[in-house]
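This report concerns only the one structure given below.
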Amino acid sequence: MNAGPPGAGDSPPAARLRNPWWIPRFLGRAPDIGPVRLRLLGTVALAILFEHYDQAMLTQALKQIADDFGLVESQLGTLLGMVRLGAIPAFFLIPFADRIGRRRLFLVSLIGMSAGTVLCAFTQTANQFIALQVVSRTFMITSSATAFVIVAEEFPAEHRGWGIGILGALGTFGVGLSALLFAVIDVLPYGWRAMYALGLTPLLLFPYFRRRVTETDRFAKHRDELAARGDTPGLLTGWWRPLASLVRAHPWRTVGIGLIGALGSAGHAAAYNFSAYFVQAEHGWAPGQYTALLL
């Protein structure tokens with residue numbers, strides 16, 4: 001872990017003008033935030049890339065998964081709906097970032113996400129697949145939310161929007177990676193299962209994530225202040241209080257943002273989730289044609 005505060009050891013301004021290789025120039029020039037913050041952004045963005053990769057796979061390979069498990073079209077809505085229920089446990093898991101820290105929850109979630117994904121490659125029944133996808137989805141959402149918190153807390157206010165935007169933009173490259181593999185799904189050994197087996201990558205890279213992701217300075221100060229006051233709540237003590245205080249302090253804002261997210265998802269989820277299945281089953285498209293459409 002880097003013992004210094006964010007930005008410690010940064011190079012002179014003149015050395016910060018060039019984008020790191022992993023930020024394409026068409027996304028704009030990186031602001032003057034120093035190499036330490038840029039490295040942290042790149043590390044959590046890599047994790048979010050695999051989160052997007054996993055989410056996209058289920059949509060793209062839905063027909064192949066259904067054929068493998070002998071599911072009929074009328075059962076696919078139930079499958080997708082059950083998998084999406086993984087978002088509910090994540091809602092209660094995310095507040096633990098205020099107990100164990102952003103870094104620790106992020107790393108634990110990364111392990112859960114990767115393990116759940118790769119185990120899907122070995123499932124023998126639809127129920128096994130759904131159960132592991134629910135687990136994986138819980139940790140995917142938790143890791144994604146924690147990643148955005150890390151960037152929001154570590155970046156200066158004037159560049160926080162850029163950091164969050166780049167984090168989201170780089171994450172979508174995971175959709176592209178999944179789409180490229182889906183184009184050759186018919187020649188991949190074990191088909192869709194090979195795509196899920198690639199979910200092992202974050203676990204293989206875990207030492208890298210563990211070394212590069214540091215605790216946020218904001219949480220570290222908060223933890224030290226609690227320790228100085230002798231206020232060290234247990235892991236399960238009052239974990240729900242941040243949620244309750246949010247609702248009490250900003251009830252209408254909470255409801256409004258929740259409705260925006262819910263209605264936005266409801267508006268596009270059905271069409272997008274069945275897009276690959278529809279063009280293959282109804283129009284006879286090859287996987288590569290759907291990849292071209294998606295890209």
Next on the checklist: Taking Asp217's backbone N and O only, do any of them form a donor-acceptor pair with Glu154's side chain (distance below 3.5 Å, no angle check)?
Outcome noted: yes
Next on the checklist: Please determine whether the number of non-hydrogen atoms from other residues, nucleotides or ligands lying under 6.0 Å from atom CZ of Phe91 exceeds 12.
Outcome noted: no
Next on the checklist: Let me check something: do Val44 and Trp22 share a hydrophobic cluster, defined by ILVMFWY side-chain heavy atoms less than 4.5 Å apart, either directly or through other members?
Outcome noted: yes
Checklist entry - What do you reckon, is CZ of Arg218 surrounded by more than 12 foreign heavy atoms closer than 6.0 Å? => result no
Checklist entry - Would one find more than 12 heavy atoms of other residues, nucleotides or ligands at under 6.0 Å from atom CD of Glu73? => result no
Next on the checklist: Let's go through Phe96 and Thr142 carefully: what are the C-alpha distance in whole Å and the side-chain angles of both, what is the deciding distance for side chain to side chain contact (heavy atoms under 4.5 Å, CB included) to 0.1 Å, and is it a yes or a no?
Outcome noted: CA-CA 10 Å; Phe96 281 98; Thr142 302; over 6 Å; no
Next on the checklist: If we ignore hydrogens and angles and just use 3.5 Å, is the side chain of Tyr290 paired with the main-chain N or O of Tyr277 as donor and acceptor?
Outcome noted: no
Item to check | Heavy-atom pair with the smallest gap, counting every atom of Ala276 and Thr59 | outcome: CB-O, 3.4 Å
Item to check | Single-linkage hydrophobic cluster Val36~Val149, side-chain heavy atoms < 4.5 angstrom | outcome: no
Checklist entry - Backbone N or O of Leu107 within a donor-acceptor pair of the Arg210 side chain at under 3.5 Å? => result no
Checklist entry - Counting N and O atoms only, with roles assigned by atom type, does the side chain of Thr291 sit under 3.5 Å from a partner on the main chain of Pro287, one being a donor and the other an acceptor? => result yes
Item to check | Backbone N/O of Tyr272 and side chain of Ser275: donor-acceptor pair under 3.5 Å | outcome: yes
Next on the checklist: Atom OH of residue position Tyr190 - does it have more than 12 heavy atoms of other residues, nucleotides or ligands inside 6.0 Å?
Outcome noted: no
Item to check | Verify same cluster id: Leu170, Ile48 (apolar side-chain graph, 4.5 Å) | outcome: yes
Checklist entry - Looking only at atom types and distance, does a side-chain atom of Thr117 sit under 3.5 Å from a main-chain N or O of Met113, one as donor and one as acceptor? => result yes
Checklist entry - Any donor and acceptor pair, going by atom type alone, linking the side chain of Ser114 with main-chain N or O of Leu203 inside 3.5 Å? => result yes
Next on the checklist: Using only atom types and a distance under 3.5 Å, with no angle test, would you say the side chain of Gln55 pairs donor to acceptor with the backbone of His52?
Outcome noted: no
Next on the checklist: Tell me whether the rings of Phe129 and Trp192 are parallel (<30°), tilted (30 to 60°) or perpendicular (>60°).
Outcome noted: perpendicular
Next on the checklist: Tell me whether the count of non-hydrogen atoms from other residues, nucleotides or ligands lying under 6.0 Å of CZ in Phe122 goes above 12.
Outcome noted: no
Next on the checklist: Check whether Glu215 reaches the backbone of Arg102 with its side chain - one donor and one acceptor, N or O, closer than 3.5 Å.
Outcome noted: yes
Item to check | Worked check of side-chain hydrogen bond (donor to acceptor under 3.5 Å, both in side chains) between Gln60 and Ser178 | outcome: CA-CA 8 Å; Gln60 294 162 7; Ser178 179; 2.7 Å; yes
Item to check | Minimum heavy-atom distance between Leu167 and Ala45, given as atom pair plus value | outcome: CD1-CA, 3.4 Å
Checklist entry - Got a donor-acceptor contact below 3.5 angstrom from the Gln128 side chain to the Gln124 backbone? => result yes
Next on the checklist: Is there a path of hydrophobic side-chain contacts, each under 4.5 Å between heavy atoms, that joins Leu295 and Leu49?
Outcome noted: no
Checklist entry - Does some side-chain heavy atom of Leu205 sit less than 4.5 Å from a side-chain heavy atom of Leu46? => result yes
Item to check | Pro24 side chain near Phe173 side chain, heavy-atom distance below 4.5 Å | outcome: yes
